[in-house]
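The next block holds one structure in the form of structure tokens; read it before the comments.
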Amino acid sequence: MVGQALDPEQILSALDDEQRQVATALRGPVRVLAGAGTGKTRAITHRIAYGISTDTYSPERILALTFTQRAAGEMRTRLRDLGAGNVSARTFHSSALRQLNYFWPQITGVPAPRLIEGKARPLAEAATTLGLKLDTASLRDVAAEVEWRKVTNLTLDAYALRAASRSMPGSLTVEQCVDVQRAYERIKDERSSIDFEDVLLLTAGLLEAEPRVALQVHEQYRFFVVDEYQDVSPLQHRLLELWRGDRADVCVVGDASQTIYSFTGATSDYLLNFDHEFPQAITIGLDRNYRSTTPIVRVANELMRDRAGALVLQSVRDEGPVPTVSAFASDHEEAYGVAARIRSDLESGLAASDIAILYRTNAQSANLERALTEASVSYQVAGATRFFDLPDVKRALLALRGSAVNPIDEPLFKSVSDVLRALGWTQSAPESSGAVRAKWEALNAIVEMADETPPGTTLREFTDSLQARAEARHEPTMNAVTLASIHSVKGLEWKAVYIVGVAEGLIPISYAQGLDAVAEERRLLYVALTRAGERLHLSWAASGAGHRHARQRSRFLAECGTNTLREVTSSPAASER
């Protein structure tokens, strides 16, 4: 059965020595400095389960926080498998929204304000009231300013003072940008609506202004775990302070080398200065990398050598292929060259789901998609239609729920595969690509989940777990090459990773000016490197659409390439396209 409670020794037996230190440090402030691939999620979920199994924690009094729905869903799944499925594991925003919807009516006597779907439309209205016409790009940039202002906990007046040192959207002056934001806030107030960041601001405001709200929250939650703590913003840090009150039972986990959202207000300062905030805190380091082979770890360590807060990773895996770097004449040739290598990977037996192509900007995906299509390679673009939103998946879940009402007493795999056969699933993949192959991949992902489910799981329990995954946005793995921007892949891993566009102007990006901005680009490449388990390929192109001048290879290649990267001549086949 899924989610049976484990005894304390079972929980600890799955951990290495450092992870066990994390799991057994149950009280007081704890900082875990966890490098890429070191099993931090395993450590903190086992810590929670161990605390419950030893009666140190009551499940309902734990609040585990992270930054994405995907990460929260993964945490809930792991906790459920450890018998701790009733622990609250959520994002900062979902936790705050639940509290806002619960307490706001009690305090004000009216429903909580409506959450708007996006900022573009009300910002456009705000600009129009001021006689300004903003294009889509400028509206997006103003929205980013709104978000930065709020997560850094600045009033409009305080923002106006800071904005002089920031690049303003489009042709707007600082005064115009402030006026648009002021009009935007007025429009929201008139319509009793709030944006994403207001959720945190209003929840913090309730906790500060209403002692009875704070009292109820403090009675509800006693123990706190915060993952990806290097990405916390001043507003999130303040909200965490209000949630915990004067209690110090908080465990934070993070890696300063993976701080890649500074442009949104995130800062690693709270992680690095945790011992200043809590002088009695203990710090535990996780540096054993279980994901990547020694040559890949060596490249990552070289890139971050002597950088503040950087952990030196130690791979526990065997030696593997030396990471390679290739130069191409153009973006077009780079895309076809990478596609040709991936075609070779697949023919050698590597699964498509074990391969990813990572890039700095979403605009880079078009050439890659075209090249993969012509090479008959199935792919999925991260951030496109979510798995559980696919029409074929929705039909499959509906059919499975129907069969679960009056289930036949037979193994789960057979029950699921029989239902999906009626929808077009076959045991062997179709040879064709396109829509037919995409449908099969989606249905096959469900079959594989059934095959991996513990023996004894009923069809009803399986469909319930699928529904929980859908609500948590915990997507399964499909047998397709993943295309993704580097910003979107933190927490993910593949056996083979291709990082394209490792050139000046892309990595680091052209608008990264100043030491701090370039340092962030370095960390971004570090995140990309450490997604790879066994094979790592970097490439760059000397020219691309819209570039009048030849690109140069990224400065980072020289820094991480000393005795760690092997130069590989680009495939002749690429230039024949």
What closest approach, in Å, do [X] and [Y] show between heavy atoms, and which atom pair accounts for it?
{"X": "H487", "Y": "F263", "answer": "NE2-CE2, 3.6 Å"}
{"X": "S539", "Y": "V338", "answer": "OG-CG2, 4.1 Å"}
{"X": "D231", "Y": "A266", "answer": "O-CB, 3.2 Å"}
{"X": "A160", "Y": "V178", "answer": "CB-CG2, 3.9 Å"}
{"X": "W243", "Y": "L63", "answer": "CE3-CD2, 4.1 Å"}

Once rounded to the nearest 0.5 Å, what's the spacing between atom [atom1] of [X] and atom [atom2] of [Y]?
{"X": "L207", "Y": "E241", "atom1": "CG", "atom2": "CD", "answer": "12.0 Å"}
{"X": "D269", "Y": "H276", "atom1": "CG", "atom2": "NE2", "answer": "11.0 Å"}
{"X": "Q230", "Y": "S262", "atom1": "CD", "atom2": "OG", "answer": "10.0 Å"}
{"X": "L123", "Y": "Y184", "atom1": "CG", "atom2": "OH", "answer": "5.5 Å"}
{"X": "Y221", "Y": "E60", "atom1": "OH", "atom2": "CD", "answer": "10.0 Å"}
{"X": "F103", "Y": "T203", "atom1": "CZ", "atom2": "OG1", "answer": "9.5 Å"}

Tell me if a side-chain donor or acceptor on [X] pairs with a main-chain N or O of [Y] at a distance below 3.5 Å.
{"X": "R31", "Y": "A281", "answer": "no"}
{"X": "S95", "Y": "F92", "answer": "no"}
{"X": "R469", "Y": "T77", "answer": "no"}
{"X": "R360", "Y": "L525", "answer": "no"}
{"X": "Q236", "Y": "S233", "answer": "yes"}
{"X": "E493", "Y": "K490", "answer": "no"}
{"X": "T66", "Y": "D227", "answer": "no"}
{"X": "R522", "Y": "V518", "answer": "no"}

Pair [X] + [Y], salt bridge at N-O below 4.0 Å:
{"X": "E74", "Y": "R70", "answer": "no"}
{"X": "D392", "Y": "R395", "answer": "yes"}
{"X": "R523", "Y": "D255", "answer": "no"}

From CA spacing to verdict: side-chain contact (heavy atoms from CB on, under 4.5 Å), L240, Y270: CA-CA 12 Å; L240 178 62; Y270 298 115; over 6 Å; no
Heavy-atom distance under 4.5 Å between the side chains of [X] and [Y], does that happen here?
{"X": "L372", "Y": "L483", "answer": "yes"}
{"X": "L100", "Y": "I194", "answer": "yes"}
{"X": "F223", "Y": "I48", "answer": "no"}

Partner of C177 by side-chain contact (heavy atoms from CB on, under 4.5 Å), out of R182, M168, R149: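 The side-chain contact (heavy atoms from CB on, under 4.5 Å) with C177 is passed solely by M168 among R182, M168, R149.
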Residue pairs involving residues 497-514 (criterion salt bridge (Lys or Arg N to Asp or Glu O under 4.0 Å); sequence neighbours excluded):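 Salt bridge (Lys or Arg N to Asp or Glu O under 4.0 Å) check on residues 497-514 returns E504-R555.
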Pairs where residues 210-226 contributes a residue and the test salt bridge (Lys or Arg N to Asp or Glu O under 4.0 Å) is met, not counting sequence neighbours: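 Those involving residues 210-226 are R222-D249.
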Atom CD of Q552 with >12 non-hydrogen neighbours under 6.0 angstrom: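 Open.
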Neighbour count above 12 (heavy atom, 6.0 Å) for R162 CZ: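 Not more than 12 within 6.0 Å, no.
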Y379 and E369: side chain donor to acceptor below 3.5 Å: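 The answer is yes; a qualifying pair exists.
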Aromatic plane relationship, H93 with F196 - under 30° parallel, 30 to 60° tilted, over 60° perpendicular: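 It falls in the parallel class, under 30°.
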Parallel, tilted or perpendicular, as decided by the 30° and 60° cut-offs, for the rings of Y229 and F274: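 The arrangement is perpendicular - the two ring planes meet at more than 60°.
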Cationic tip of R166 above W148 ring, under 6.0 Å, 45° of axis: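 Relative to the ring axis of W148, which defines the angle, R166 lies inside both limits.
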Of T136, D141, D135, the residue whose pairing with S138 passes side-chain hydrogen bond (donor to acceptor under 3.5 Å, both in side chains):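 That would be D135; it is the only one of T136, D141, D135 passing the side-chain hydrogen bond (donor to acceptor under 3.5 Å, both in side chains) with S138.
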Extract all donor-acceptor atom pairs below 3.5 Å that involve side chains of residues 111-120 and protein atoms in other chains or at least two apart in sequence.
from : atom 1 : to   : atom 2 : distance (Å)
K119 : NZ     : E147 : OE2    : 3.1
K119 : NZ     : E197 : OE1    : 2.8

Test log, rule side chain to side chain donor-acceptor pair (under 3.5 Å), inputs E125 and T128: CA-CA 5 Å; E125 291 181 41; T128 299; over 6 Å; no
